[in-house]
Amino acid sequence: MSLPDLSTYTPQRSLPDAEFEGTTVPGLRADYFRKADGDRVASVGRYRYGGRDVLMAWGYADEKHCRRHAVHDPEHGWQDVVEGCPDVRFLRDGDGPVTGVEVRAPGGGWLRA
């Protein structure tokens, strides 16, 4: 399975400080895309931090969770497509606010955004 071809989608919206599961990550940009797919609407979220790809997650707009996702390793490029939503881990300065995020790669390691 390959990544969605974003050239076939229409940009929907962008958020400069995106959130995962209700937690805002300062500096994590999310760009959302949609396209008609039969009687459904396919959607993709592309996440970037500091201008660098972090991950893409996609599925259908009427579903609560992602069908698939892929993470981007800055040294090795896009990793294998994985079923379901990505595993994320929030980075904090002690008990303070979120300062960053890490995403689990298919091999089990964590990639820092």
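Atoms considered below: every heavy atom in the structure, side chains included; atoms not considered: hydrogens, waters and symmetry mates.
Under the side chain to side chain contact (heavy atoms under 4.5 Å, CB included) criterion, Ser2 pairs with no residue, sequence neighbours left out. Applying the side-chain hydrogen bond (donor to acceptor under 3.5 Å, both in side chains) criterion to Thr8, with sequence neighbours excluded, gives Lys35. In this structure Arg46 satisfies the side chain to side chain contact (heavy atoms under 4.5 Å, CB included) test together with Leu6, Asp31, Phe33, Arg48, Asp53, Met56, sequence neighbours excluded.
The minimum heavy-atom distance between Ala70 and Trp78, with the atom names listed, is O-CZ3, 3.4 Å. For the residue pair Asp5 and Tyr9, the shortest heavy atom distance occurs at O-CD1, 3.3 Å. Smallest separation of non-hydrogen atoms from Gly84 and His69: O-ND1, 2.8 Å.
Each of Leu91, Val103, Val54 was scored for a side chain to side chain contact (heavy atoms under 4.5 Å, CB included) with Arg112, with one residue passing: Leu91.
Listed by first and then second residue, the side-chain hydrogen bond (donor to acceptor under 3.5 Å, both in side chains) pairs involving residues 86-98 are Asp87-Arg104, Arg89-Glu102 (not counting sequence neighbours). For residues 69-86, the pairs satisfying salt bridge (Lys or Arg N to Asp or Glu O under 4.0 Å) are Arg68-Glu83, with sequence neighbours left out.
Separation of atoms CH2 (Trp58) and OG (Ser43) is listed at 11.5 Å; rounding is to 0.5 Å.
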Cut-off 3.5 Å, no hydrogens considered: what does the side-chain donor-acceptor table look like for residues 15-25, sequence neighbours left out?
residue, atom, partner, partner atom, Å
Asp17, OD1, Gly27, N, 2.7

Begin from the C-alpha positions of Tyr60 and Arg67 and carry the test side chain to side chain contact (heavy atoms under 4.5 Å, CB included) through to its verdict. CA-CA 8 Å; Tyr60 290 93; Arg67 281 196 173 220; 3.5 Å; yes
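Grouping the Ile, Leu, Val, Met, Phe, Trp and Tyr side chains by contacts below 4.5 angstrom, directly or via other members, places Leu111 apart from Val82. Placement of Tyr47 and Val81 in two distinct hydrophobic clusters is found when ILVMFWY residues are connected by side-chain heavy-atom separations under 4.5 Å, directly or transitively.
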